Amino acid sequence: MEVENLVAGLNPVQREAVLASSGPLLILAGAGSGKTRVIVHKIAYLITAQGVAPRQIIALTFTNKAAQEMRERVREMIGPVAQSMWISTFHSSCARILRLHGELLGFSAKFSIYSDREQTALLKEIIRKLNLTPTMFPVNYLSSVIEDAKNRGVSPEDYAQEVHHAPNPKLRLVAEVYKLYQQGLKDNDALDFGDLLFHTVALFNRHPELLESYRERFSYILVDEYQDTNEIQYRLIGLLAEPRRNLCVVGDDDQSIYSWRGAQIKNILDFESDYSEAKVIRLEENYRSTATILKAANRVIAANKRRKGKDLWTSNHSGDKVSLYLAANEADECSYVVKRISTSVREPGEFAIFYRTNAQSRIFEEGLSRRAIPYTIVGGTKFYDRAEVRDLLAYLKVVNNERDGLSLLRILNIPTRGVGKTSVEQLQAYAEEHDLSLWDTLERLQSEALIRGGARNSLIGLADMIRQWRRRDQEGCRPSRLCAEIVAGIGFAEWLLKNNDPVQAQTRQENIAELLNAIELWEDEQEKPTLAAYLENVALINDDHLDEAAQSRVTLMTIHRAKGLEFNEVFLVGLEEGLFPGKRSYEKPELLEEERRLCYVGMTRARQKLHLSACRVRRLYGQTMDNRPSRFLLDIPLELLKREDRNGKVHDSGRLLPAVGGSARIRSQASAGQTERPAPVRNLNFEKRKSAAKTAAAARSAGAAGEVDKAPSFVSGSRVEHSVFGPGVVAGVKGSGDNAKLDIIFRDRGRKLLSLKIATLKFLG
DNA sequence: TTCGGAACCCTTTTT
DNA sequence: GGGTTCCGAA
């Protein structure tokens, strides 16, 4: 292929990035700047023009989706030779390496990969063994400390050193947990996600000759989303990249939003000092969004200090102004969003709703389904979390890896076969005493009289079955077939039917069928569909193959999940102080900067139209919060915004005064600022001093119920209607003004004390 | 063994 | 507020 063809259709900067083929290269790729395109072209260029063998290239990504897309597009450009290239996630690449050499560290080639759930189970066991109080040592605290340590490349021994002189003696116990946890994983021939990276680096450090062979093999290294790399990934990259330093990293410091997962923005910021001969290329032309959206986003991110500095531009038309909706509460915010979607000419699939926290999704789900608008929620792949699915996967893991005791433990009495707590404890005690694996203990049942009665027989029967399935696996039986045989062998469907109500039994059986189906689908794409390969796929590639249907639905997701995606029309909701940016980020400037980047990521997902919204009052975790609009909103110049009412009408051209109420003080300040550049802080502020009755009126007119023009006066005996609780009668009034609370007896929902300021009440007389 | 109610949790979660 | 998890009672 001619060089000209390879760079055809690229802009000059992109072209430069593709042609810079050797030495360290940092590509700062702004949102929507054609990053993937550049990487793909670059790979094609290396292979076809520079004569680099595909097997000499490794491209590392964070998500399977990114890897898959890259692989597919490279294949389209250069054909099937792409097969021999490593284009995969950090974790997959490491798993691949560890399967080959893990025995050097004491793991078999068939090690299990433990999910969070299994991690938790293991930790709980350790907490119990050490007699730690779960309140002082919560599982998720321990797992996050351990995960963090691994991300930093800190071994249990290192960690013990670290906390040796720590003032808090608790940490020394944590170090003990970490040590035992790693031992536990080893005993089970299992690795967790963090281990995959950690052990690969350990492997290379301990076996220089091995590292050397990989260095020789991978003469070109590409890393996607470099801003998200953590310490251990950084070290891995550093190890592989020496001494040739043909390292191309692509990323955007402004989109670094995973520091809480150990990502270090310094990796991308310091690239030029890490590799002094590095070349830096900025992709700043955006092909995605309208000029207005881009300008607004640029302004938000410009307030950050710790950044490389980039100014995205576009030749796209300026498009609509960014809409702003200041809602009374989240129900109001929801009805605005739903109304905009339902009255739009766009298809549902063109919309996305982004929120900061998952807890915000519920109300939008309800609102959309009430209007029969199809939607999909991205997040929480629940399928592999179902008990019956995990049961079957545990069976498969036991068949695959006989040292996986945790999985074996899970299935001992599933379906129930009379193996109770006592039998299990006896087994475990015996295993401990004789330093045997759980499986080996099971095998000794034949000769040793360690358990009596029915439990003994059924366990012997189970062991027989497992041995038989292992034989089937070795014969080359397909995983789907094997799984079906297991289901039949243990009478799983019948057991589910017997132990659940008909409806639940039905769904559970459907889940089994879906699992079998998923395995078959996976097999269809594999050359060699082995059980081991399938289990790795399940562990590392939480495949949501339900993507196609999602195309035609409104997409709901957290902003974190939205990174890398784009939609024609985007609703970024809940832009409130305390929520976004979150309260926890207040004291730490670097966390605030990350929240800001998150906002930037959300905004830059929109192609045509961006809506921002904030609630004055929000109920979250059972508490009512009185919020001010997010500081991020205040950074957007007024001329890029238009304030809408819930019908999408522009409320007040230019000025962003709240429509209802508005104290004289605020109004006068706003109009005074009008001649100059209006002070957005004041203009966007919700009125704090609005009278309680007026607020209630504003909320009411925002709600679905009828209009009331004048502020009603609630007295004992007044009939009211609440948006949620329905009709009721006021039994008493406590306090006055903003603090007024109404004691209301509802017809259907009992007696409640509601704040007049907050409750969405309709006054009936 | 299964249920129901109390107790607990609560940003974000690429792998 | 809502969901999950855990423990005790039947």
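What you see is a predicted model; the values in this text were computed from it and never measured.
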Distance under 6.0 Å and angle within 45° of the ring axis: does A:Arg99 meet both against A:Phe111? yes
Would you please determine if the base of B:dT13 is stacked by A:Tyr258, with stacking meaning a centroid separation under 5.5 angstrom and planes under 30 degrees? no
Looking only at the aromatic ring of each residue, does the gap between the centers of A:Phe62 and A:His91 stay below 6.0 angstrom? no
If you compare every side-chain N and O of A:Thr558 against the phosphate oxygens of B:dT13 (OP1, OP2), does one of them come in below 4.0 Å? yes
Please state whether the phosphate of B:dT11, meaning OP1 or OP2, lies under 4.0 angstrom from any side-chain nitrogen or oxygen of A:Asn358. no
Is the terminal nitrogen or CZ of A:Lys266 (NZ for Lys, CZ for Arg) located under 6.0 angstrom from the six-membered ring centre of A:Phe271 and within 45° of that ring's axis? no
Compare side-chain N and O positions of A:Arg356 against OP1 and OP2 of B:dT12 and report whether any pair is under 4.0 Å apart. no
note: A:Glu147, atom CD; B:dT12, atom P; distance rounded to Å ~ 15 Å
Are OP1 or OP2 of C:dT5 and a side-chain N or O of A:Arg117 less than 4.0 angstrom apart? yes
So for A:Arg261 and B:dT12, does any side-chain atom that can act as donor or acceptor lie under 3.5 Å from a complementary atom in the base? no
Give the rounded distance in Å between these two atoms: CG of A:Leu496 and C1' of B:dT1. 15 Å
Just call it for A:Phe90: base, sugar-phosphate, or nothing, with non-hydrogen atoms closer than 4.0 Å on any strand. nothing
Does either side chain, that of A:Ser585 or that of A:Glu595, offer a donor lying less than 3.5 Å from an acceptor on the other one? no
A:Lys124, nearest nucleotide to its side chain (from B:dT1, C:dT5, B:dT14): C:dT5
A:Ala539 or A:Tyr621, whichever maps to the more 5' nucleotide of DNA chain B: A:Tyr621
Taking CD1 from A:Ile113 and C1' from B:dT14, how many angstroms apart are they, rounded to a whole number? 15 Å
Taking the same atom, C1', in B:dT12 and in C:dT5, what whole-Å distance lies between them? 22 Å
Between CZ of A:Arg417 and P of B:dT1 the distance, given in whole Å, is 12 Å
Report yes or no: is the cationic atom of A:Arg605 (NZ for Lys, CZ for Arg) under 6.0 Å from the centre of the six-membered ring of A:Tyr600, at an angle within 45° of the ring normal? no
Interatomic distance where CD belongs to A:Glu118 and P belongs to B:dT15 [whole Å]: 17 Å
Could you tell me whether A:Gln233 contacts a base, only the sugar-phosphate backbone, or nothing, with contacts defined as non-hydrogen atoms closer than 4.0 Å? nothing
Would you mind calling B:dT11 syn or anti? Take O4'-C1'-N9-C4 for purines or O4'-C1'-N1-C2 for pyrimidines, and syn is within 90° of 0. syn
Report yes or no: do A:Gln426 and A:Ser423 form a side-chain donor-acceptor pair below 3.5 Å? no
Below the 4.0 Å mark, does B:dT14 have OP1 or OP2 next to a side-chain nitrogen or oxygen of A:Arg561? yes
Between A:His560 and A:Trp495, whichever has its closest DNA chain B nucleotide further toward 5' is A:Trp495
OP1 or OP2 of B:dT15 sitting under 4.0 Å from any side-chain N/O of A:Asn64? yes
Interatomic distance where NZ belongs to A:Lys65 and C1' belongs to B:dT15 [whole Å]: 15 Å
Can you check the A:Phe62 CZ to B:dT14 C1' distance for me, whole Å? 8 Å
If the C1' atom of C:dC6 is compared with that of B:dT11, how far apart are they to the nearest Å? 25 Å
Could you check whether A:Arg618 gets within reach of a base, just the sugar-phosphate, or nothing at all, counting any heavy atom under 4.0 Å? nothing
Out of B:dC10, B:dT1, B:dT14, which nucleotide sits closest to the side chain of A:Asn140? B:dC10
How many whole angstroms separate atom CG of A:Leu60 from atom C1' of B:dT14? 14 Å
